[in-house]
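Take a look at the structure below.
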Amino acid sequence: MRHVRTGDQVEVVAGKEKGKRGKVLRIDTEKGRAIVEKVNLIKRHTKPTQRAPHGGILEKEAAMHLSNIRVVCPKCDEPRRVGAKSIDERKVRACRKCGTAIEAA
């Protein structure tokens with residue numbers, strides 16, 4: 001079971017973006033990286049195309065390693081490690097500190 005899923009509210013715990021929060025947009029399981037909304041922004045210089053007729057400088061999110069982000073517990077409102085918990089014979093992710101189940105949005 002992965003500790004981070006698409007739609008989770010996460011906080012960056014390491015690197016230049018430390019302390020920023022955002023929603024997980026996409027996860028690349030093969031590379032172990034995630035793209036978080038409005039975090040780790042890069043500038044992309046693009047030529048004019050039919051899709052973007054003016055071209056120019058676009059700002060977009062870059063992928064960051066999964067070890068640098070932690071899921072934010074809805075009850076504690078803190079970045080926490082995630083464990084597994086059994087609720088109604090169903091395995092769910094839960095906060096390791098308070099035990100609150102974490103559901104992806």
Side-chain angles (χ1 to χ4, degrees):
M1 183 184 305
R2 290 194 319 250
H3 72 284
V4 178
R5 290 184 184 165
T6 303
D8 282 347
Q9 183 72 20
V10 296
E11 184 171 323
V12 181
V13 294
K16 67 176 184 172
E17 303 286 333
K18 184 176 180 177
K20 291 188 179 180
R21 288 187 179 191
K23 190 173 81 170
V24 177
L25 300 176
R26 206 165 57 237
I27 295 179
D28 185 355
T29 53
E30 288 180 10
K31 294 181 181 176
R33 293 180 147 319
I35 295 178
V36 182
E37 186 176 44
K38 294 188 173 92
V39 177
N40 199 23
L41 294 173
I42 59 168
K43 291 186 188 290
R44 176 92 176 140
H45 298 261
T46 59
K47 288 183 176 181
T49 60
Q50 284 186 338
R51 203 180 221 182
H54 297 295
I57 302 171
L58 300 175
E59 228 177 32
K60 67 177 194 172
E61 296 94 357
M64 56 188 345
H65 201 267
L66 289 173
S67 66
N68 294 335
I69 58 177
R70 291 243 174 103
V71 177
V72 175
C73 175
K75 185 178 176 186
C76 309
D77 197 44
E78 291 287 323
R80 299 286 188 203
R81 291 177 66 186
V82 175
K85 188 176 183 181
S86 186
I87 298 175
D88 300 328
E89 297 182 18
R90 195 170 61 101
K91 195 173 176 184
V92 295
R93 297 174 304 147
C95 174
R96 284 239 183 123
K97 192 93 169 184
C98 68
T100 305
I102 298 170
E103 296 296 323

side-chain contact (heavy atoms from CB on, under 4.5 Å) assessment of Val12 paired with Val36: CA-CA 9 Å; Val12 181; Val36 182; 5.7 Å; no
With sequence neighbours left out, write down each residue that passes side chain to side chain donor-acceptor pair (under 3.5 Å) with Lys97, or none if nothing qualifies. none
What heavy-atom pair brings Ile69 and Val13 nearest, and what distance separates the two atoms? N-CG2, 4.3 Å
Heavy-atom pair of closest approach, residues Ala94 and Gly99: CB-O, 3.9 Å
Can you tell if the side chain of [X] reaches within under 4.5 Å of the side chain of [Y], non-hydrogen atoms only?
X	Y	answer
Arg93	Asp8	yes
Ile27	Arg2	yes
Ile102	Pro74	yes
Glu17	Leu41	no

So which pairs with a foot in [range] pass side chain to side chain donor-acceptor pair (under 3.5 Å), sequence neighbours left out?
range	value
residues 80-90	none
residues 42-71	Lys43-Glu59, His65-Ser67
residues 28-41	none

Just wondering, are more than 12 heavy atoms of other shown residues or ligands nearer than 6.0 Å to CZ in Arg96? yes
side-chain contact (heavy atoms from CB on, under 4.5 Å) against Asp77, all qualifying residues, sequence neighbours excluded: Arg21, Val72
His3 vs Leu66, side-chain contact (heavy atoms from CB on, under 4.5 Å): CA-CA, chis, key distance, verdict: CA-CA 9 Å; His3 72 284; Leu66 289 173; 4.3 Å; yes
Using a 4.5 Å side-chain heavy-atom cut-off and chaining through intermediate ILVMFWY residues, the residues clustered with Leu25 come out as Ile35
